[in-house]
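Just so it is clear, the model here is predicted, and its values are computed rather than measured. All residue numbers in this chain count up from 1 along the given sequence.
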Amino acid sequence: MERTREAHPDTQFQLEYRPFLLDPTLSCRQSVDKNEHLIKKFGETRYKTACKFLEQRGSELGIKFRFSGNLRQTVSSHRLLLYAYQKEPALQEALLVKLFVAFFEEAKDIGCPQTLADLADEAGVMSKEDVIDFLKSDRLSKEVQALMMDAQRKGITGVPFTVINQKYAITGAQKADAYVEVFNKLVTLGDVLGTDSTPEVCPVTTQNREICT
């Protein structure tokens, strides 16, 4: 986005992060050991290879990945993220950054109500007490479920999956060049926001892809 703004200063971006469950088998109430669960799911060799790749890539970007700790289902996180977006889109991103740091770098359980209360309070979404009350209710549960079902209808089977202007989609972890190419195309064509339909998946050339084997 920064590169696009440099070339086209009038370009504006609005980001919305939507829910997707990577592992629907996880419980919302009971956490499990992260390493044990992922080794069981992917196999030890594949998991260790992925960890090594993330450590290497993370060191290049200033991210210190930690693979310890517990994890559980993230529906509660998604409900808070949706609330934050409805309140103010910028708050959603602020909360998401804190969730990512907590999970990937601090090995925290981002399904734990107290952890979520601390993070949402720090991000300015709502007070700790209000977060606990919110999570005890079923507010936005149906809305989050509807968004996840919408992703399934559109054929989304993994993340990251980036939809741009409701028209184009970029799948997988791509380099910035892939996004700049699409952004520049939209700016050049004077494209506007499309309808909320199934997006066209943009082809990504080999040189723009990061492949983890």
Test your reading of the model: is there a side-chain donor-acceptor pair from [X] to the backbone of [Y], 3.5 Å cut-off?
X   : Y    : result
Q92 : Y83  : no
K64 : G58  : no
R79 : L140 : no

What's the separation between atom [atom1] in [X] and atom [atom2] in [Y], rounded to the nearest 0.5 Å?
X    : Y    : atom1 : atom2 : answer
Q73  : I110 : CD    : CD1   : 10.5 Å
E181 : I170 : CD    : CD1   : 8.0 Å
K34  : N70  : NZ    : CG    : 8.5 Å
L135 : S76  : CG    : OG    : 5.0 Å
L21  : Q152 : CG    : CD    : 8.5 Å
E143 : L82  : CD    : CG    : 6.5 Å

Does [X] belong to the same Ile/Leu/Val/Met/Phe/Trp/Tyr cluster as [Y], with side-chain heavy atoms less than 4.5 Å apart forming each link?
X    : Y    : answer
V180 : M1   : no
L186 : Y179 : yes
V97  : L95  : no
I156 : M149 : no

Are the side chains of [X] and [Y] in touch, meaning some heavy atoms are under 4.5 Å apart?
X    : Y    : value
Q166 : V163 : yes
H8   : N184 : yes
L116 : L99  : yes
F104 : R66  : no
I164 : F183 : yes
V101 : E106 : yes
P19  : M148 : yes
V32  : L26  : yes

Check your understanding: side-chain contact (heavy atoms from CB on, under 4.5 Å) between D121 and V131: does it pass, once the steps are laid out?
Key -> CA-CA 8 Å; D121 180 64; V131 172; 5.9 Å; no
Check your understanding: Is the number of heavy atoms from other residues, nucleotides or ligands within 6.0 Å of CD (E44) greater than 12?
Key -> no
Practice item. Take atom CD of E60 as the centre, draw a 6.0 Å sphere, and report whether it contains more than 12 heavy atoms from other residues, nucleotides or ligands. Key: yes
Exercise for review: Name the orientation class of the two ring planes belonging to F67 and F65 (parallel below 30°, tilted from 30 to 60°, perpendicular beyond 60°).
Suggested key: parallel
At their closest point, which heavy atom of [X] faces which heavy atom of [Y], and how far apart are they?
X    : Y    : value
L119 : K98  : O-CD, 3.7 Å
R72  : S27  : CB-O, 3.2 Å
A123 : L91  : O-CD2, 3.4 Å
P160 : A173 : CG-N, 3.8 Å
S68  : A107 : O-CB, 3.5 Å
Q14  : P89  : NE2-CG, 4.1 Å

Practice item. Step by step, work out the side-chain contact (heavy atoms from CB on, under 4.5 Å) result for F103 and D109. Key: CA-CA 7 Å; F103 183 76; D109 176 2; over 6 Å; no
Point to revise | Lys/Arg-Asp/Glu bridge criterion (N-O < 4.0 Å) met for D10, R5 | key: no
**Study point:** Electrostatic pair R18-D150, nearest N-O below 4.0 angstrom
**Key:** yes
Check your understanding: Can K41 be said to sit on top of Y47's aromatic six-ring, NZ or CZ under 6.0 Å from centre and within 45° of the ring axis?
Key -> no
Review point. Do H37 and D23 have a side chain donor and acceptor closer than 3.5 Å?
Key: yes
Point to revise | Single hit among L38, I39, D33 for side-chain contact (heavy atoms from CB on, under 4.5 Å) with E36 | key: D33
Point to revise | Aromatic ring proximity, centroids under 6.0 angstrom, F20 and F161 | key: no
Practice item. Decide if the gap between the ring center of Y17 and the ring center of Y85 is smaller than 6.0 angstrom. Key: no
Exercise for review: Could you give me the CA-CA distance, side-chain angles and deciding distance for L80 and M126, then say whether side-chain contact (heavy atoms from CB on, under 4.5 Å) is met?
Suggested key: CA-CA 10 Å; L80 277 173; M126 64 174 91; 4.0 Å; yes
Check your understanding: So S127 and D130, side chain to side chain donor-acceptor pair (under 3.5 Å) or not? Walk me through it.
Key -> CA-CA 5 Å; S127 70; D130 287 342; 3.2 Å; yes
